[in-house]
Structures are given as structure tokens and as C-alpha cells.
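Below is one structure; the comments refer to it alone.
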Amino acid sequence: MSSSHSKVQIQGIGYDPTVGPRSTGPTQAPLPATPTMRGGQLSSPSTPITSSTPAIFSTRSNSLKSSGSNAIGGLTSIYDRNLHRAKHEISLSSLSFLFMEMISINLNTSKSVVELERKLNNLGYTIGLKYLELASLRVNFNNNLTSSGKSNTAKRDIKILEILQFVVSTIWTSLFGKPADNLEKSSEFNNQFMIIDNAPLLTRYISMPKEYENLNCEAFIAGLIEGVLDSSYFKCEVSAHGVPIDNFPTRTVFLIKFDESVMKREARLAGK
Amino acid sequence: MSKQIKQSGDDIWKNKVEKVNSELFTLTYGSIVSQLCRDFNYNYSEVNSQLFKMGYNIGIRLIDEFLEKSQLSRCSSFQETAEIVSKVGFKIFLNVVPTVANWSADSKTFGLVFTENPLADFVELPDDGKASKELWYSNVLSGVLKGALEMVQLDCDVFFVSDVLRGDETTEIKVKLLSVLKDEIPAGEE
């Protein structure tokens, strides 16, 4: 996926967060045009410009409209909204209901369990791509808040263990409110890692009938992890497996198989 | 009376509901709608009806949870139904409280006006000209309402009339009471 990077420098007297980017007046640097992605792709969260600090941003899809105006007519576009909003919460049951409907729709259109898991994986994948950017942005924001005056110091993770730690702690916490329970490396295969969640949230209220024993609905989250890792240039395949133990009947293991190219790069980096 | 309802809605939200970050919800819904659009070849009226069906299936199950959490008895009037739906129902499940407005002359139709819609956070409709005229992005909500109300013997017509994603001023759902259903014994049983 292509993305354009640019620094947006905002000059002006005072930034008023309640007003947003337009508060810094006509001296605001014009927004650069970015490649548009047609084909009717719906957009979910993509990073807008946060004009409080010069920010490096990249947009993933859809055309960036000039500040404020909109093809529909004069209304503000979603890019003016602040990403760092107060946390909005929703009931777990709404999420479970929605997830249930999603599975049932895909069940009707799939001919096999494998196909169903693939579809769930794809749905999670698109979310993972966007979620990586959102989570990284927010981590930078928190760093900026706590470290007074220091510029944004978060770096891209290029080592396997680092990116996996990022997934286990930051991404899991922002999605589910707590970090994942365990991160393990497989002893048999060098390129396999496992993220373990003792009580995955989405499938808490799902019970599997006999015919669908092989299906693990957490394939959705597996897809999300795959999306996150793929867009950080760690080519991999992620699958979800149920491994119940005594206290945790729904314990799920996300098996991450990294590609050869990733292992080679890792070896090269370690050798340096 | 309505303050009491609002209070109970808030209480249930605070105490009995397990909460989750709404972003996962928003993102999941977004990917569902995009998958539907792709599968139906951007035939938005088909997508709308699919979303409605999905919502209907959710609604017929959601009503059980709603009744269990709120422990409310039968509403005495349609007005009361409207208040309960907006202040308790939506509060418990979506943590938003739409305002009830635009009552029709015969008190059989009301509108629910949303100031914020967690399903459509940071969403922009595709720019292909058709979407902003044909797609009701949050149509699943109308389905949920119809399903839930039907399970309490209120046959209603629920539909969107405006949506900020389409460029309108507000997001509004109209609920029109068609009839009050009678419980019937299924054919063949005594």
C-alpha cells in the first residue's frame, strides 16, 4: 500500500484544541494532496493531521480533502476530528452480537470451515492495517505528554521480539483493556511464535457445536494480528487454536509463522 | 418520570454492563459493511436490506438481555416506549442517548435523533456518487429496533430519514407503530 509522508508545520499564535486545525488561522500550511484510492473502498479510522505538534503522517486510503470543505458541501470532514478523544465505551454484549451476526453471514456464504476462517481472517486483516497506525500514533502522543518537551521518540520496531512485545502489550491493551497473557517461542520451529490469551473476549459467549469443532472464531483476531505484522514488514501467517487448560476453557493460542525472508533479516540484524 | 427512566439507564450502564473499548466495535462494523458492499457489488439497496436483516436477528435476541438487565414491566403507552428505548435501551448497549423528537399528530410515529453514533466514528462514505444517496450506513440499528420491538408485540416500521454521513444535519431514525400484535398459539398446538 502506498502512503505519502510529509511534515505539517503549523504556524500561528495559539492552538485551540476545541476548535481544531482551523484555530491556527490562515497561516496554516496547505494540506498536501495524497494519492486517492478509488473503487468505493470504505474508510474507517485513518490518521488525520494533529496540528499541535509537527507530525509525520501517512494516509492509507481515500482522498484528502482540503481543510474543512467537502464534496457534499461545506461540512467538516472526518480529518478535522481529533483522534485523541476521551475513551468511549460500549457494552460487551453489543460487540458480541455484532460478531455473532458477522459469523452467521459469512457462514451462509462459505462452503467450508476453512473458507469461513479465511473470511474472518480477511476481515480482521483490514482492521489490523489501520489499527497499527492508530495505536502507534497514540503511543507517540502519550510519550509526548509524559516527556515534557522531548520530541517524539517512538521508533519503528524492526526486530521480531520488539514488534511482538508491541502487539502483546500496546495493541492488546487498547483493544481489550489488558495485555495478552503470554508470549512464547516455539521450541521446534525457529520461525514460530505464540501469543496466548487465556480468556479471549470476542468468543466468550460462543459455544461450538460438534460439526464446527475445527473452527476457531478468533480467526478474526488472528487476522488483525496478521494485518499489524504485515504492515510492519513482517510477513507472516497467523492462526488461532483453542488450547483449553484447567481454569481457562476458552484459552486460545495465536500461532504466528514468520516467513523465511523475515528470519533471514532477523539473522542479519542480530549478526551486526 | 422521565428523569427516573434516565437515572435507571445510567445506573444499569454503570453497574451491570461489562464495558469494552468502542473502537473495536466501530472497526468491526466498518469491515462488515465494506465486505457486504464488495459481496453485493455495491448494490446499496441490497446492502441496506442485508444490514437490516442482520440487525433484525440481533434485535430479537437483544430484547431478552434488555429485559433481564432493566427488569422493566410492560409500557403503558407508546410514548413511554419511546422514552425507554432511547434512555435505557440505547444507553445500555451503545452508551449513547438519542433524543426523542418529532412526534406525529396521532402519536404513532416518533423520531430518534442521534448526536453521536458510535458505529460511524471516523467513517466516510465512498465517493462514487451513489453511496451518499443510497446507503444507510447504520441501517443495522433500524433492524435491531424492529426486531426488539416486534418481540414485545409492537409491530413497527423503522427506517432512517437522515444521516450525517450522507451530509444531512442530523442522524435520525423514524419509528412508526403499525399495530400491537396479539400473542397467538402456533398452528397445530393447543
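Within every chain, numbering begins at 1; the chains are lettered A, B, ... in the order of the sequence lines, protein sequences first and strands thereafter.
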Is it the case that B:Gln35 and A:Asn106 place a side-chain donor and acceptor less than 3.5 Å from each other?
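Looking only at side-chain atoms, A:Asn106 and B:Gln35 do form a donor-acceptor pair, the distance falling under 3.5 Å.
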
Roughly how far apart are [X] [atom1] and [Y] [atom2], rounded to 0.5 Å?
| X | Y | atom1 | atom2 | answer |
| --- | --- | --- | --- | --- |
| B:Phe25 | A:Leu95 | CZ | CG | 7.0 Å |
| A:Leu98 | B:Ile32 | CG | CD1 | 4.0 Å |
| A:Ser91 | B:Leu94 | OG | CG | 8.0 Å |
| B:Trp13 | A:Glu89 | CH2 | CD | 6.0 Å |
| B:Asn21 | A:Ile90 | CG | CD1 | 9.5 Å |
| A:Leu202 | B:Thr28 | CG | OG1 | 7.0 Å |

Do B:Glu23 and A:Arg138 sit within salt-bridge range, that is, some charged N less than 4.0 Å from a carboxylate O?
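So B:Glu23 pairs with A:Arg138 through a salt bridge.
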
Short N-O contact, A:Glu101 and B:Lys53, less than 4.0 angstrom:
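No, this pair does not count.
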
Heavy-atom contact with chain B under 4.5 Å, split by part of A:Phe220
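It is the side chain, since no backbone atom gets that close.
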
Identify which part of A:Ile105 has an atom lying under 4.5 Å from any heavy atom of chain B, answering side chain, backbone, both or neither.
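For A:Ile105, side-chain heavy atoms alone lie under 4.5 Å from chain B.
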
Which heavy atom of [X] sits nearest to which heavy atom of [Y], and what is that distance?
| X | Y | result |
| --- | --- | --- |
| A:Phe176 | B:Leu24 | CE2-CD2, 3.9 Å |
| B:Phe93 | A:Ser94 | O-OG, 2.5 Å |
| B:Asn57 | A:Met100 | O-CE, 4.5 Å |
| A:His88 | B:Pro118 | CE1-CB, 3.9 Å |
| B:Glu65 | A:Phe97 | OE1-CE1, 3.6 Å |

Check whether any side-chain heavy atom of B:Lys19 sits under 4.5 Å from a side-chain heavy atom of A:Leu92, and report yes or no.
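No, too far: nothing below the 4.5 Å cut-off.
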
Has [X] got more than 12 heavy atoms of other residues, nucleotides or ligands less than 6.0 Å from its [atom1]?
| X | atom1 | answer |
| --- | --- | --- |
| B:Lys176 | NZ | no |
| A:Glu237 | CD | no |
| B:Lys108 | NZ | no |

Given that the side chain runs from C-beta out, which part of B:Val96 has a heavy atom under 4.5 Å from chain A: side chain, backbone, both or neither?
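Contact with chain A is through the side chain of B:Val96 alone.
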
If we define contacts as heavy-atom pairs under 4.5 Å, which of B:Val140, B:Asn95, B:Leu36, B:Asp39 has the most with chain A?
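Most pairs with chain A among the choices: B:Asn95.
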
Sub-3.5 Å donor-acceptor pair from the side chain of B:Ser31 to the main-chain atoms of A:Ile127, do we have one?
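No.
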
